[in-house]
Every structure is written in C-alpha cells, then in structure tokens.
Amino acid sequence: RVNYYVKHLFIDETGNLAKSLFWITETRDPKLISHPVLVLVNDNVCSKVVYHSFLCGKSWFLFTLAVFVACQSIIEHLNDDENSTLERGLVFVGRFFIYVLSFSQLLYNHAFASVQSYKNQKTMLLFGYLSVPGYLSDWQNAANFLLTIALAVMVALEPIIWLSLIHISEPTRR
C-alpha cells in the first residue's frame, strides 16, 4: 500500500491551479503521464474544474453561431421580394447582438492578450520581419483572431450603419 499526496499537483502555494500537469505534459513521456496518480489528478481537474468553464464557453459560441446564421442567412433570405418590417427588425436585432456582445468580447480578449504578449515580450516574427503576439502561434487563437477580423470587416461594411450615417449627414430640408 502506498499513500500519494496530490494536493500540490492540484494547487500551488498561492491557492491557484498548479502548472504541474502542464509541465508533465511538456515532457512527452507516455510512461509518466499514464501513471495512475496523474490520471486521477487529470480526470479530477477536467471533470470538476475545467468542464463547466469549457461547456459554458462552447455553448456561448454555438449560440452566437446560431444567431449569426439565422440573421445573416435564414431570416435575410426568407422572401425573394421585399422583407417585412418584422424580418428586418429581427435581422437588426441579430446583427446588433453579434456586433455588440460577440464582437466586442472577441475584440477585448485579443486586445488584452496582445498587450500582455508585447508587454512580456512574447512575440514571434511573421514572414521574417513582422512582429506579432506569441499567443497567435496556437491555431485556435489564430483562427479566433481571423474571426475577429472578419467581424470587424462586417461592421465596417454594415449597410444599416452606412444608411444611418448618410441619413445623419444629410441636411434637413424644410
């Protein structure tokens, strides 16, 4: 019989989640990572700590994706002729939701991560001369950044915004 004390595999001296599993994974040693104690610790971390956060994040992404598809493709093209006031209102509400809640969150996250990367000098060279934040080396972060750029282009080309700006800039005639 052997007693294992796994507290320090879970939390560090400050009470935060320990980086021990990350360090063990970086060794790329299959014998080490398949040890029963490490399997137990990893299962507990994934099922109790990370699971809820992961599930909430992915649920939010799927919900915003559904809203995006509904307002950009389904509602927008229900009728071949002129859309009704209700349909135009639903498209506006959907686009407003995407631009304000989803796009602003993505923009904030990338701005914060970029500032942290440059502040900590964790950058990489792109094409040999362009310094970009190091967190973009992960393909998921890079894809998320491209999504943010695509949404920024969509906001810049949004017809509702352009029509509003044209309407505001026109002088009122009496």
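Being a predicted model, the structure only gives us computed values, none of them experimental.
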In Å, rounded to the nearest 0.5 Å, how long is the span from [atom1] of [X] to [atom2] of [Y]?
{"X": "T27", "Y": "L32", "atom1": "OG1", "atom2": "CG", "result": "5.0 Å"}
{"X": "L38", "Y": "S20", "atom1": "CG", "atom2": "OG", "result": "8.0 Å"}
{"X": "S102", "Y": "R95", "atom1": "OG", "atom2": "CZ", "result": "14.5 Å"}
{"X": "M154", "Y": "F103", "atom1": "CE", "atom2": "CZ", "result": "10.5 Å"}
{"X": "S114", "Y": "K122", "atom1": "OG", "atom2": "NZ", "result": "14.0 Å"}
{"X": "N120", "Y": "Q116", "atom1": "CG", "atom2": "CD", "result": "5.5 Å"}

Would [X] end up clustered with [Y] when hydrophobic side chains under 4.5 Å apart are linked, directly or stepwise?
{"X": "V93", "Y": "V91", "value": "no"}
{"X": "F68", "Y": "L147", "value": "yes"}
{"X": "L90", "Y": "F92", "value": "no"}
{"X": "L151", "Y": "L107", "value": "yes"}
{"X": "I149", "Y": "V115", "value": "no"}

- With a cut-off of 6.0 Å (strictly less than), are more than 12 heavy atoms of other residues, nucleotides or ligands near OH of Y118? yes
- Query: So with a 6.0 Å cut-off around CD of Q121, is the heavy-atom count from everything else above 12?
  - Reply: no
- Determine, stepwise, if the pair I33 / T25 fulfils side-chain contact (heavy atoms from CB on, under 4.5 Å). CA-CA 7 Å; I33 199 66; T25 305; 4.2 Å; yes
- Does the side chain of V132 come within less than 4.5 Å of T123's, by heavy atoms? no
- Item | Close side-chain approach of T64 and I98, heavy atoms under 4.5 Å |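 Yes; the side chains approach each other to less than 4.5 Å.
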- Listed once per pair and sorted, the ring pair (Phe, Tyr, Trp, His ring centres under 6.0 Å) pairs that draw on residues 129-159, sequence neighbours left out: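 Sorted result for residues 129-159: H110-Y135, H110-F145.
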- Message: If the condition is side chain to side chain donor-acceptor pair (under 3.5 Å), which residues does Q105 pass it with, not counting sequence neighbours?
- Response: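 Partners of Q105 by the side chain to side chain donor-acceptor pair (under 3.5 Å) criterion, ordered by chain and then number, come out as W60.
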- Test side chain to side chain donor-acceptor pair (under 3.5 Å) applied to S73 - qualifying residues, sequence neighbours left out: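 Side chain to side chain donor-acceptor pair (under 3.5 Å) list for S73, sorted by chain: empty.
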- Message: For the aromatic rings, using the six-membered ring if either is Trp, is the centroid distance between F97 and F63 under 6.0 Å?
- Response: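 For F97 and F63, the ring centres are under 6.0 Å apart.
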